[in-house]
Amino acid sequence: MSEQRSKADNVNWQGFSTKAVHAGYEPDPLTGAVNVPIYASSTFAQDGVGGMRNGFEYARTGNPTRRPLEANLAALESGSYGRAFSSGMAATDCLLRSVLRPGDHLVIPDDAYGGTFRLIDKVFTQWGIEYTPAPVSDVDAVRAAMRPNTKLVWVETPTNPLLNIGDIELLAEVAHEGNAKIVVDNTFASPYLQQPLQLGADVALHSTTKYIGGHSDVVGGALVCNDEELDHAFAFLQNGSGGVPGPFDAFLTLRGIKTLALRMERHSDNAEKVVELLDGHPAVASVIYPGLVSHPSHKIAAKQMRRFGGMISVRLKGGKAAALDLCSRTEIFTLAESLGGVESLIEFPGAMTHASTAGSALEVPDDLVRLSVGIEDASDLVGDIEQALS
Ligand code: PLP
């Protein structure tokens, strides 16, 4: 392996769980509370005009429950600056408006999350932004999609829902050669499995609604970076347009983070068992899971991820009817959008999470079912899929 490709070998995974439990917060000096209190206050008393206590002025600008969350998120992604948002899409919107100006161009995955695609395609194009879809698994195609006015390369890896893998290190080189920034939507992997900033990305983005929150009880988003100027731009818009999480949301997200490492191990264990059942099952045309040696980018996934996570996509021999049938027959896997929670979910991307891609270059196959494998007992999950396929 050339020196260029050694970054992934040098990713420092040390201390992740300790950071998850402790980073950003020490027991409250006043009470000793070991958890961050929910500071339900929209405004903060000043000691004379401009005399803010610890920088708190108004809760859109900063809140004492959100601040430890932001410090914790930065630590998890091995970054210097973290910003929390009211949703993953609010984080996406903040990033796009911070980096792009009318006349700029960005490259997006040709199977990007439907909401990301919709925002760019339906809203940002109206403000003079151009985009080109390219497969993240093909570095040359991404390079070919770059233009002189390309300011951003958007990467998801694994992608939602086709679980394509992009080589973050190489894609970062391509983006930087063209003087563009690179953001990695790290939602599917979580920072426990993948560390984009250590691999050369400029920004790690999350829908914290998913693995980071982990319990399907809160919607949120995050941006983490190492560049002070960029972080200032994020902070300006975060305050300027106000897509911030409330203190209860920040508390729930912090509480979820404490068990992120444990959950990701269990999600990965369980997903491997479900993949074993699906791989070679007579009703299944193909199983898409980056941990499978048959996955076209398995080697890249193995290089940059420490395990392969809890998301599986499966294409059925019986086409759309079989896919819809599977979605209606599971008993433990709940038919619902979203992913990354402790409970297993099943969905039909073509008509649910990715309905907005219909008719576009990003349209997903209609025989595709997506599974978010939870932390229940593996034998129950395997049994559920087995009976639903039978
Ligand atoms: N990025 C990915 C990969 C997602 O799957 C999602 C939501 O499903 C988002 C971003 C948007 O996040 P949110 O739903 O928290 O706005």
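Given the structure is predicted, the values throughout are model-derived calculations rather than measurements.
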Expected output: side-chain [X] to main-chain [Y] donor-acceptor under 3.5 Å:
{"X": "His267", "Y": "Val373", "answer": "yes"}
{"X": "Arg263", "Y": "Gly256", "answer": "yes"}
{"X": "Gln194", "Y": "Thr157", "answer": "yes"}
{"X": "Gln387", "Y": "Asp384", "answer": "yes"}
{"X": "Ser190", "Y": "Tyr192", "answer": "yes"}
{"X": "Ser241", "Y": "Gln238", "answer": "no"}
{"X": "Thr209", "Y": "Ser87", "answer": "no"}
{"X": "His206", "Y": "Ala204", "answer": "no"}
{"X": "Gln126", "Y": "Lys122", "answer": "yes"}
{"X": "Thr116", "Y": "Ala112", "answer": "no"}

Around atom CH2 of Trp127, are there more than 12 heavy atoms from other residues, nucleotides or ligands closer than 6.0 Å?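 No - once you tally the heavy atoms of other residues, nucleotides and ligands closer than 6.0 Å, there are 12 at most.
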Walk me through it: do Glu169 and Lys7 pass the test salt bridge (charged side-chain N to carboxylate O under 4.0 Å, His left out)? CA-CA 7 Å; Glu169 196 182 345; Lys7 261 190 189 153; 5.5 Å; no
Under a 3.5 Å threshold, yes or no: a donor from one side chain and an acceptor from the other, between [X] and [Y]?
{"X": "Asn54", "Y": "Arg67", "answer": "no"}
{"X": "Ser80", "Y": "Glu228", "answer": "no"}
{"X": "Thr353", "Y": "Glu337", "answer": "no"}
{"X": "Asn164", "Y": "Ser137", "answer": "no"}
{"X": "Glu386", "Y": "His281", "answer": "no"}
{"X": "Glu70", "Y": "Tyr81", "answer": "no"}
{"X": "Glu376", "Y": "Asn270", "answer": "no"}
{"X": "Glu363", "Y": "Thr357", "answer": "no"}
{"X": "Thr187", "Y": "Asp185", "answer": "yes"}

Applying side-chain hydrogen bond (donor to acceptor under 3.5 Å, both in side chains), run through Ser216 and Glu343 and close with a yes or a no. CA-CA 8 Å; Ser216 306; Glu343 64 289 301; 2.5 Å; yes
CA sep, side-chain torsions, deciding dist, call: Asp202, Lys181, salt bridge (charged side-chain N to carboxylate O under 4.0 Å, His left out): CA-CA 6 Å; Asp202 297 299; Lys181 294 199 186 304; 5.3 Å; no
Ring centroid separation for Phe308 and His298, is it under 6.0 angstrom?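 Yes, they do, as the ring centres are separated by less than 6.0 Å.
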Centroid-centroid distance, Phe44 to Tyr58, less than 6.0 Å: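 Ring-ring flag for Phe44/Tyr58: false, centres at least 6.0 Å apart.
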Identify whether [X] and [Y] are in the same connected component of the hydrophobic contact network (ILVMFWY, side-chain heavy atoms under 4.5 Å).
{"X": "Leu368", "Y": "Leu345", "value": "no"}
{"X": "Tyr113", "Y": "Ile212", "value": "no"}
{"X": "Ile300", "Y": "Tyr289", "value": "no"}
{"X": "Tyr25", "Y": "Phe16", "value": "yes"}
{"X": "Val136", "Y": "Leu362", "value": "no"}

Pairwise side-chain contact, Ile312 with Val274, heavy-atom cut-off 4.5 Å (strictly under):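 Answer yes - side chains close enough.
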The test is side chain to side chain contact (heavy atoms under 4.5 Å, CB included); show your working for Leu96 and Leu106 and say whether it passes. CA-CA 9 Å; Leu96 291 169; Leu106 78 157; 3.9 Å; yes
Got a second to check how far Leu69's CG is from Ile257's CD1, nearest 0.5 Å?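 So the CG of Leu69 and the CD1 of Ile257 are separated by 5.5 Å.
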What verdict does the salt bridge (charged side-chain N to carboxylate O under 4.0 Å, His left out) test give for Lys303 and Asp167, after you've listed the backbone C-alpha separation in whole Å, the side-chain angles of each residue and the deciding distance to 0.1 Å? CA-CA 9 Å; Lys303 184 183 72 156; Asp167 186 322; 2.9 Å; yes
Only one of Asp367, Leu162, Val369 passes side chain to side chain contact (heavy atoms under 4.5 Å, CB included) with Arg315; say which it is.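 When side chain to side chain contact (heavy atoms under 4.5 Å, CB included) is applied between Arg315 and each of Asp367, Leu162, Val369, only Asp367 qualifies.
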What's the verdict on side-chain hydrogen bond (donor to acceptor under 3.5 Å, both in side chains) for Asn186 and Glu77, showing C-alpha distance, side-chain angles and the deciding distance? CA-CA 10 Å; Asn186 203 22; Glu77 281 288 5; 2.8 Å; yes
Assess the residue pair Arg307 and Asp269 against the criterion (salt bridge (charged side-chain N to carboxylate O under 4.0 Å, His left out)); give the C-alpha distance rounded to whole Å, side-chain angles, the decisive distance to 0.1 Å, and a yes or no. CA-CA 9 Å; Arg307 291 197 69 186; Asp269 286 343; 2.8 Å; yes
